[in-house]
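What follows is a single structure, written as structure tokens, with notes after it.
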Amino acid sequence: MTFVEAGAAAIAAGIDDMYDAFLAGDTERFDTHLHAEVTTWETHLPGPLRTRAELNEYREQRDAAGHRPRLAVLAARDKRIDVWDDFGVARYVLVSQLGAADEPEFTRVTDVLRRIDGRWVIVHHHAELVRDPVVAA
């Protein structure tokens, strides 16, 4: 396996683990995939969050209001990952579903990653909810 293939495989496994951690409610494990200075831009967030500390503030407010999402499905599909030295970009469709009978939602995601001390961490996360599922497929 080449360096590029190994990097792409490690990034893909990290993304899958991050969303598994979210489903398990394991914020600590989820956060191991994020750089401390990660920028987070998502359709449902109140503007860009520019650090993990800002993300944590948002989470605290959300959770205190009782709005933490409980999902049956949260999975990255159709991953495309490129690696250049210590940098990588992952693009994928994130599928989320509240319950088995609910319609899934599709989000286009781009993650920019950096390899630090042998670990790939997300330094920029951009996610856009797709209203037309045909576009996301």
Worksheet item: Does Arg59 have any salt bridge (Lys or Arg N to Asp or Glu O under 4.0 Å) partners at least two apart in sequence or in another chain, and if so, which?
Response: Asp31
Response to the item:
salt bridge (Lys or Arg N to Asp or Glu O under 4.0 Å) filter on Glu128, not counting sequence neighbours, yields Arg108
Fill in: same_hphob_cluster(Ile122, Trp120) at 4.5 Å side-chain heavy-atom cutoff
yes
Worksheet item: Does Val112 belong to the same Ile/Leu/Val/Met/Phe/Trp/Tyr cluster as Val4, with side-chain heavy atoms less than 4.5 Å apart forming each link?
Response: no
All side chain to side chain contact (heavy atoms under 4.5 Å, CB included) counterparts of [X], not counting sequence neighbours:
{"X": "Ala8", "value": "Ile81, Val83"}
{"X": "Arg91", "value": "Arg80, Asp82, Val89, Thr110"}
{"X": "Glu42", "value": "Thr40, His44, Leu45, His125, Ala127"}

Shortest non-hydrogen contact from [X] to [Y]?
{"X": "Ser96", "Y": "Leu74", "result": "CB-CD1, 3.8 Å"}
{"X": "Gly99", "Y": "Ala72", "result": "CA-CB, 3.9 Å"}
{"X": "Pro48", "Y": "Trp41", "result": "CB-NE1, 2.8 Å"}

Measuring from [X]:[atom1] to [Y]:[atom2], what's the distance to the nearest 0.5 Å?
{"X": "Gln97", "Y": "Leu71", "atom1": "CD", "atom2": "CG", "value": "9.5 Å"}
{"X": "Arg115", "Y": "Ile11", "atom1": "CZ", "atom2": "CD1", "value": "9.5 Å"}
{"X": "Glu54", "Y": "Leu49", "atom1": "CD", "atom2": "CG", "value": "6.0 Å"}
{"X": "Thr39", "Y": "Arg52", "atom1": "OG1", "atom2": "CZ", "value": "13.0 Å"}
{"X": "Leu34", "Y": "Asp111", "atom1": "CG", "atom2": "CG", "value": "8.5 Å"}

Are [X] and [Y] packed together at the side-chain level, in the sense that at least one heavy-atom pair is separated by less than 4.5 angstrom?
{"X": "Glu105", "Y": "Val95", "answer": "no"}
{"X": "Val38", "Y": "Val123", "answer": "no"}
{"X": "Arg119", "Y": "Thr32", "answer": "yes"}

Worksheet, complete the sentence: The single option from Val109, Val130, Leu129 that satisfies side-chain contact (heavy atoms from CB on, under 4.5 Å) with Leu94 is Val109
Worksheet item: What do the steps show when you test Thr107 against Thr43 for side chain to side chain contact (heavy atoms under 4.5 Å, CB included), and what is the final call?
Response: CA-CA 9 Å; Thr107 303; Thr43 300; 5.7 Å; no
Quick one: side chains of residues 17-24, donor-acceptor pairs under 3.5 Å with protein atoms, not counting sequence neighbours, listed by atom name and distance.
from: Asp17; atom 1: OD1; to: Arg29; atom 2: NH1; distance (Å): 2.5
from: Asp17; atom 1: OD2; to: His33; atom 2: NE2; distance (Å): 2.8
from: Tyr19; atom 1: OH; to: Tyr92; atom 2: OH; distance (Å): 2.8

Worksheet item: Would a distance-only check, ignoring hydrogens and angles, find a side-chain to backbone donor-acceptor pair under 3.5 Å from Glu5 to Thr2?
Response: yes
